[in-house]
Amino acid sequence: MNSNKLALMMLGGFLILSGCVKEEPAEVRTDQTMMNHDEMEDGMSHGEMEGHMSHDEVMQLKDSTGENELIVPPVLERNIDGDVTYTVRAQKGETQIFNGSKTKTYGYNGTFLGPMLQFTKGETIKIRTINELDQETTFHWHGLEVAADADGGPHDALQPGEERVIEFKVTQEAATLWFHPHPHGNTADQVYNGLAGLIFIEDENSKHLNVPDDYGKNDFPLIIQDKLFDENHQLNYREARNEDGTIGDTLLINGTVNPKLTVEKEKVRLRIVNGSNARNYTLKLNSGDSFVQIGTDGGFLNEPVTVQEVTLTPSERAEIVIDFQAIDATSDLALVNEDGSVLLPFDISHSNGVASELSTQLNDFTLTAEEKNLPVNKTVELFGMMDHVTINGKKFDPDRIDFTQEQGVTEVWEIYNKPDIMGGMIHPFHIHGAQFKIISRDGAAPPENEQGWKDSIAVHPDETVKIAIQFKNKGLYMFHCHILEHEDNGMMGQVLVE
Ligand code: C2O
Ligand code: CU
Ligand code: CU
């Protein structure tokens with residue numbers, strides 16, 4: 001921590017203490033933006049304070065050397081007998097991430113990360129979920145519009161050795177979703193160790209669109225995750241853990257360290273999933289070339305949006321298309337982070353791939369005037385850092401229902417990120433069981449590449465966002481910050497849909 005911040009902290013502590021003695025308007029106002037006296041006294045140790053990272057001092061990622069070809073997650077085969085569509089096992093094992101050494105990891109149907117599950121809108125899917133870990137876990141389908149009993153929130157724990165079959169109908173449009181565990185207080189650890197898989201939904205629209213869809217050839221998922229490896233190439237979550245969100249200096253894409261991607265001279269679609277515990281990324285090409293974004297968390301944008309960069313906070317997705325024929329490609333073209341660190345170098349082969357135009361009309365997403373004018377039904381206040389994170393002043397309680405909402409009725413949620421004495425940080429806010437629409441950010445229309453279905457939204461310090469959300473199904477759903485340590489530390493609430 002720099003001395004400015006330390007001074008601020010001490011000043012904050014002083015103001016809080018004096019606020020306890022005498023209440024004057026100025027001090028009351030100070031109080032609202034700071035932790036209260038009790039938290040300061042018995043909760044936060046000096047060491048914890050030092051662990052806090054504001055986004056201006058985040059550890060930089062090492063450049064990818066590009067020595068390993070990007071791993072493409074396998075497509076999970078459907079079961080051939082019985083009526084169960086897929087079997088998904090959470091298991092542990094060892095993975096050779098670095099040459100010549102084995103890292104202890106978790107995975108679905110393998111030792112690290114998971115396969116890709118393919119659903120078609122309209123079909124009924126049955127999944128046999130099996131917990132082969134030696135601790136409890138759940139199977140959560142992030143972004144999927146399912147009844148709460150299939151959603152895999154913290155109430156649906158499977159003990160070691162247990163299995164459960166869930167069933168649901170796929171009712172939403174084509175999108176890139178993902179799945180991960182959600183056990184009470186232990187999500188960060190399990191995701192960090194490798195539990196994350198992909199879901200691709202396709203529908204009539206997506207089948208007829210002109211967008212690259214040759215999986216592993218011109219259509220690649222990129223699950224981006226930063227990790228901190230110890231000297232033995234182990235993940236050692238306990239050591240790496242930061243209460244404000246664990247970050248690392250090594251980027252894995254689909255579990256590949258030092259990845260590169262070989263492509264032909266054609267349009268290539270990248271379905272980017274921020275599967276990191278806490279890190280935000282702003283991705284761009286090192287050449288400065290623009291590309292197009294075609295999809296958000298929950299589906300296609302109405303038309304391709306030309307962008308220079310795309311920012312993803314934890315759990316957000318963006319589908320982009322890079323035209324490797326149009327780019328005057330030098331040998332060192334790469335996807336880089338905001339600070340210039342090289343994340344994914346491209347190896348562009350000399351052969352020309354498919355030359356085709358992108359569809360210009362991709363979807364018919366609308367935010368109606370009626371939706372824009374709906375009154376606010378629920379307010380959500382995100383606050384705090386480290387272990388002191390709350391929603392509307394409260395920590396998660398599995399026995400408390402925070403909100404109720406009627407099935408099939410659109411409501412407006414207003415979400416505010418209240419700054420703290422350190423200035424605050426972005427909280428990526430996520431709601432289970434539904435895709436929502438962003439009405440506004442601080443009163444203004446969202447940028448073009450957020451005018452599509454979302455299930456997670458980055459809320460900046462002191463920002464107010466308004467969303468319109470409707471649940472198609474019933475049950476008890478979670479909403480929470482998707483910095484996984486914040487979620488585990490109680491930055492989560494529950495909405496009962498009836
Ligand atoms: Cu990605 Cu509560 O989930
Ligand atoms: Cu979720
Ligand atoms: Cu948070």
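Nothing here was measured: the structure is a model prediction, and the numbers come from that model. As the structure lists them, so they are numbered: ligands from 1, and atoms in each ligand from 1. Along the sequence shown, the residues carry numbers beginning at 1.
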S.K.: For Asp219, does its backbone N or O pair with a side-chain atom of Arg271 as donor and acceptor, under 3.5 Å?
M.R.: no

S.K.: Treating Asn242 as the side-chain partner and Ile247 as the backbone partner, does any N or O pair qualify as donor plus acceptor under 3.5 Å?
M.R.: no

S.K.: Looking at Arg317 and Glu319, is there a salt bridge between them, counting it only when a charged N and a carboxylate O are closer than 4.0 Å?
M.R.: no

S.K.: Would you mind counting protein N, O or S atoms that sit less than 2.8 Å from atom 1 (Cu) of ligand 1?
M.R.: 3

S.K.: What protein N/O/S atoms are found closer than 2.8 Å to the Cu ion (ligand 3)?
M.R.: His427 ND1, Cys481 SG, His486 ND1

S.K.: Test ring-ring contact (aromatic ring centres under 6.0 Å, His included) on Phe436 and Trp413 and set out the steps.
M.R.: CA-CA 10 Å; Phe436 55 76; Trp413 292 31; 8.4 Å; no

S.K.: Verify the ring-centre separation between His480 and His432: is it less than 6.0 angstrom?
M.R.: yes

S.K.: Going by salt bridge (charged side-chain N to carboxylate O under 4.0 Å, His left out), name the residues that satisfy it together with Glu487, two or more places apart in sequence or in a different chain.
M.R.: none

S.K.: Do side-chain atoms of Gln190 reach the backbone of Glu136 as a donor and acceptor pair under 3.5 angstrom?
M.R.: yes

S.K.: Between Phe168 and Phe119, does the ring-ring contact (aromatic ring centres under 6.0 Å, His included) criterion hold? Intermediate values first, please.
M.R.: CA-CA 11 Å; Phe168 52 85; Phe119 304 163; 5.7 Å; yes

S.K.: Sort and list the pairs that fulfil side chain to side chain donor-acceptor pair (under 3.5 Å) and have at least one residue in residues 376-386, not counting sequence neighbours.
M.R.: Lys378-Glu411

